[in-house]
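Structure first, then comments.
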Amino acid sequence: MHLTLRQLTIFNAVARHQSFSRAAAELCLSQPAVSLQVRQLEQNLGLPLLEQLGKRVFLTGAGQEVFRASRGVAQQLQELKQALDEIQGLERGQLSVAVASTVNYFAPRLLAGFSRRHPGVHICLTVTNRQGLLEHLEQNDIDVALMGQPPETGDLVAEAFLPNPLVVIARPDHPLTEARSVPLEALRGETFLLRERGSGTRSAMERFFGEHGMTLSTGMEMNTNEAIKQGVEAGLGLGIVSLHTAGLELEMGRLVTLEVEGFPILRQWYVVHHRGKRLSQAAQAFRDFVLREAPRDLPGGNTSPARAEGDMPGTSGIMRRGPTQGRGQQRQGSTSPGR
Ligand code: PGA
């Protein structure tokens, strides 16, 4: 039997995701490269491993056997990687970070700062929504995630590093922009553009209105913050987004925030890892870097009202709040960074 570790690893990702494109994204490879490796594995073994029906991928009987074996190998490779990362330390270590699509508005700035400090560390960045991040943490195929508050399952260590205000955005000519203060009830007649299921922004929004006994009229569902902002600009409805995603449009006056009662919904960004994860030196250094630098360096995280307001237009001074509410705060009885 002839097969390579690379083929097995790639097959494992395809089988887990039941998707070539999601496997490619996880492995930071192109989709054709993933398909080629799987095809070669099938040729090497002389058996079909996958069946593709429409966009969905299913395992054949042989595929299930190979998948079972690949999980054991993946586990051993992960342990080997951790051991090697520890030996390589910060000189040549690997770091696998996954961030919420909303965090991606500031994650590159953090990664750039970290890279300048540790140029030898090779970073793989995955961008997905909250649901995707929880799956990565569960599968133990990333080192750390930057995301909204994770569920309190006890399996995750989550440390808050930056406030994440959710605001209502509108076109500048929307009638509600006239009001200095918009009662929540006034939103009943409005149409809202929604992020996709699995988005943390969406679940926070649904929770908020649920707690206030309101069901909103919802318009289109869109799976990026960019699409929501464009939709709001185009007059499709109102949107609720993290302030971190809308800085540019607010500054340029293409969008405004509405002063709605109860808003902004104040959330936090967290740096999260699996409780059972033995963080490599590079991962520990990144976690420390985020907790230390993000509150200093990112919009909304500093203590200077002048700069904060400049960075975050249309927030009515909410950025004057203490920048590090929860900075370094640990949830779920989180443990020392080394775990
Ligand atoms: P998301 O952001 O909406 O891009 O999933 C994560 C979160 O707010 O928890």
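Nothing fancy with the numbering, it's 1 onward along the sequence.
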Mind running side-chain contact (heavy atoms from CB on, under 4.5 Å) on Val99 and Thr126 for me, showing each step along the way? CA-CA 6 Å; Val99 304; Thr126 303; over 6 Å; no
Go through Glu138 and His274 one step at a time and tell me if the side chain to side chain donor-acceptor pair (under 3.5 Å) criterion holds. CA-CA 7 Å; Glu138 178 62 32; His274 201 281; 4.7 Å; no
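Remark: Arg197 CZ is loosely packed, at most 12 non-hydrogen atoms of other residues, nucleotides or ligands lying under 6.0 Å away.
Looking only at distances, no side-chain donor or acceptor of Thr245 sits under 3.5 Å from a matching main-chain atom of Val241. Not a single donor-acceptor pair under 3.5 Å links the side chain of Ser199 to the backbone N or O of Arg195. Within the 3.5 Å criterion, the main-chain N or O of Val73 finds no donor-acceptor partner in the side chain of Gln76. Judged purely by atom type and a 3.5 angstrom limit, Thr60 uses its side chain to pair as donor or acceptor with the backbone of Leu49. At distances below 3.5 Å, at least one donor-acceptor pair connects side-chain atoms of Arg275 with backbone N or O atoms of Gly154.
Sequence neighbours left out, not one pair with a member in residues 160-237 passes disulfide (SG to SG under 2.5 Å). Note on residues 37-53: no pairs pass salt bridge (Lys or Arg N to Asp or Glu O under 4.0 Å), not counting sequence neighbours. Applying the salt bridge (Lys or Arg N to Asp or Glu O under 4.0 Å) test to every pair with at least one member in residues 18-28, sequence neighbours left out, gives these pairs: Arg16-Glu26. Within the structure, salt bridge (Lys or Arg N to Asp or Glu O under 4.0 Å) contacts touching residues 168-185 (residues at least two apart or in different chains) are Arg171-Asp173, Glu185-Arg188.
None of Ile265, Leu258, Thr257 except one satisfies the side chain to side chain contact (heavy atoms under 4.5 Å, CB included) rule with Val167; the exception is Thr257. Between Ile142 and the options Val272, Leu137, Leu125, Val97, a side chain to side chain contact (heavy atoms under 4.5 Å, CB included) holds for only Leu137.
With sequence neighbours excluded, the residues satisfying side chain to side chain contact (heavy atoms under 4.5 Å, CB included) with Ser217 are Thr191. A search for side chain to side chain contact (heavy atoms under 4.5 Å, CB included) contacts involving Gln52 returns Phe20, Val57, not counting sequence neighbours. Partners of Ala283 according to the side chain to side chain contact (heavy atoms under 4.5 Å, CB included) rule, which considers only residues two or more places apart in sequence or in another chain, are Leu95, Asp143, Leu279, Ser280. Checked against side-chain hydrogen bond (donor to acceptor under 3.5 Å, both in side chains), Glu249 has the following partners two or more places apart in sequence or in another chain: Lys229. A search for side-chain hydrogen bond (donor to acceptor under 3.5 Å, both in side chains) contacts involving Glu79 returns Gln75, not counting sequence neighbours. The side-chain hydrogen bond (donor to acceptor under 3.5 Å, both in side chains) test applied to Glu65 returns Arg68, not counting sequence neighbours. For the side chain to side chain contact (heavy atoms under 4.5 Å, CB included) test, residues two or more places apart in sequence or in another chain that qualify with Gln18 are Arg56, Phe58.
To the nearest 0.5 Å, atoms NE2 (His118) and CZ (Phe286) are separated by 10.5 Å. Here the CD1-CG distance, from Ile228 to Leu255, works out to 11.5 Å after rounding to the nearest 0.5 Å. Atom CG in Leu146 sits 8.5 Å away from atom CG in Leu133 (nearest 0.5 Å).
Leu162 places none of its side-chain heavy atoms less than 4.5 Å from the side chain of Gln268. In this structure, the side chains of Arg71 and Phe67 come closer than 4.5 Å at one or more pairs of heavy atoms.
Note: Tyr105 and His244 fail the aromatic proximity criterion, with ring centroids not under 6.0 Å apart.
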Show which side-chain atoms of residues 206-214 pair as donor or acceptor with protein atoms under 3.5 Å away, not counting sequence neighbours.
residue, atom, partner, partner atom, Å
Glu206, OE2, Arg202, NE, 2.9
Glu206, OE2, Arg202, NH2, 3.4
His212, ND1, Phe208, O, 2.8

